[in-house]
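Have a look at the structure below, then the notes.
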Amino acid sequence: MEEIARNKSFGGTQVRCKHFSTTVICEMTFSVFLPEQLSTGADVKLPVIYWLSGLTCTDENFVQKAGVQKLASDLGIIIVSPDTSPRGEGVPDDKNGAYDLGLGAGFYLNATEEPWKKHYQMYDYVVEELPALVKRKFPIDDKRQSIMGHSMGGHGAITIALKNPENYRSVSAFAPIVSPMNCPWGQKAFKNYLGEDESTWAQYDSVELMKRSMRPIPMLIDQGSADEFLEEQLKPLLLVEAASGKGYPLSFNQREGYDHSYFFISSFIEKHLHFHAGILTTVV
């Protein structure tokens, strides 16, 4: 692992790193925010939240736009932000340069179809390789970790949490794609990455996973009412309905007048951090 940037922020440190991933078979970047108390040399391990970004983003969008560092430093929480897809020479992209497939659009799944399957193993990267790497390099308490994301990253955060509830204390999302099987973004991605058999798509569909969930963890979703993708792509009420049928602990907030942008995320990111912190700092 190589450190490629370091910036002091609210007493803590924002670090950007790169490494060669043996999971997605290319060089990957990720960002880590380290709270102020680590700069004092304190010998402690801190809770961690993984943030998954949406279509077209890199690891830097959230770091630069969400305004998360001050409160994360005050709360003593490490935040890890990976990239959204493999990148580099030899990594396939959509032949027409579409934003919703290929580079910047990994959908946090393990592709099974050519030409994607060699590199597009983002599920394993986020669930296995990246946490193991950051645990070796940073003072992370992996018994106290949560996950959150936005849009495609909200899809990733929720599906990963539902499939691995033993790994995460809580999960939250801003404007998540909750049922990729039933929206154009998801159908395009799943058909290309996973093939024509829709029974395999359900492995990465939050609504279908919710119906089969056996071990609930607290979940928080915020959705803007003025989101241009709300009706066609996001459809959050499908997940709310499935959670209600299961008695799943999902809190859903519709925020009037907010859209899909980082203006929306930055408006409510503190509520999400407090949500996770209240759970991560509780002794179990």
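Here the CG atom belonging to Leu46 is positioned 4.5 Å from the CG atom belonging to Leu38, to the nearest 0.5 angstrom. For the atom pair Cys57 SG and Lys65 NZ, the distance stands at 6.5 Å (nearest 0.5 Å). The line from CG of Asp227 to CD of Gln223 is 4.5 Å long, rounded to the nearest 0.5 Å. Note that the OG atom of Ser73 and the NZ atom of Lys8 stand 10.0 Å from one another [nearest 0.5 Å].
Within the 3.5 Å criterion, the main-chain N or O of Val240 finds no donor-acceptor partner in the side chain of Ser244. Formation of a donor-acceptor pair under 3.5 Å by the Glu208 side chain with backbone atoms of Tyr204 is not found in this model. A donor-acceptor pair is defined here as one N or O able to donate and one able to accept, closer than 3.5 Å; such a pair exists between the side chain of Ser21 and the backbone of Val24. A donor-acceptor pair under 3.5 Å is formed between the side chain of Tyr120 and the backbone N or O of Leu103. Side-chain atoms of Glu129 come within 3.5 Å of backbone N or O of Thr23 as a donor-acceptor pair. Proximity of a side-chain donor or acceptor of Ser85 to a complementary backbone N or O of Gly104 within less than 3.5 Å is detected. At least one donor-acceptor pair closer than 3.5 Å links the side chain of Ser225 to the backbone N or O of Gly257. Side-chain atoms of Lys235 come within 3.5 Å of backbone atoms of Asn182 as a donor-acceptor pair (strictly under, hydrogens ignored). Side chain of Lys163 to main chain of Gln203: a donor-acceptor pair is present (N/O by atom type, distance under 3.5 Å, no hydrogens or angles). Under a 3.5 Å cut-off, the side chain of Ser261 and the backbone N or O of Phe263 do form a donor-acceptor pair.
Remark: Glu196 engages Lys191 in a salt bridge, criterion side-chain N to carboxylate O under 4.0 Å.
Remark: aromatic rings of Tyr125 and His19 are close, center separation under 6.0 Å. A centroid separation of 6.0 Å or more is found between the aromatic rings of Trp185 and Phe107. The aromatic ring centroids of His272 and Phe174 lie less than 6.0 Å from each other.
Note that Lys211 lies outside the cation-pi zone of Tyr248, set by a 6.0 Å cut-off to the ring centre and a 45° limit from the axis.
In this structure, a donor-acceptor pair under 3.5 Å is present between the side chains of Ser170 and Ser146.
Applying the ring-ring contact (aromatic ring centres under 6.0 Å, His included) test to Phe268 and every residue at least two apart in sequence or in another chain returns Tyr258, Phe264.
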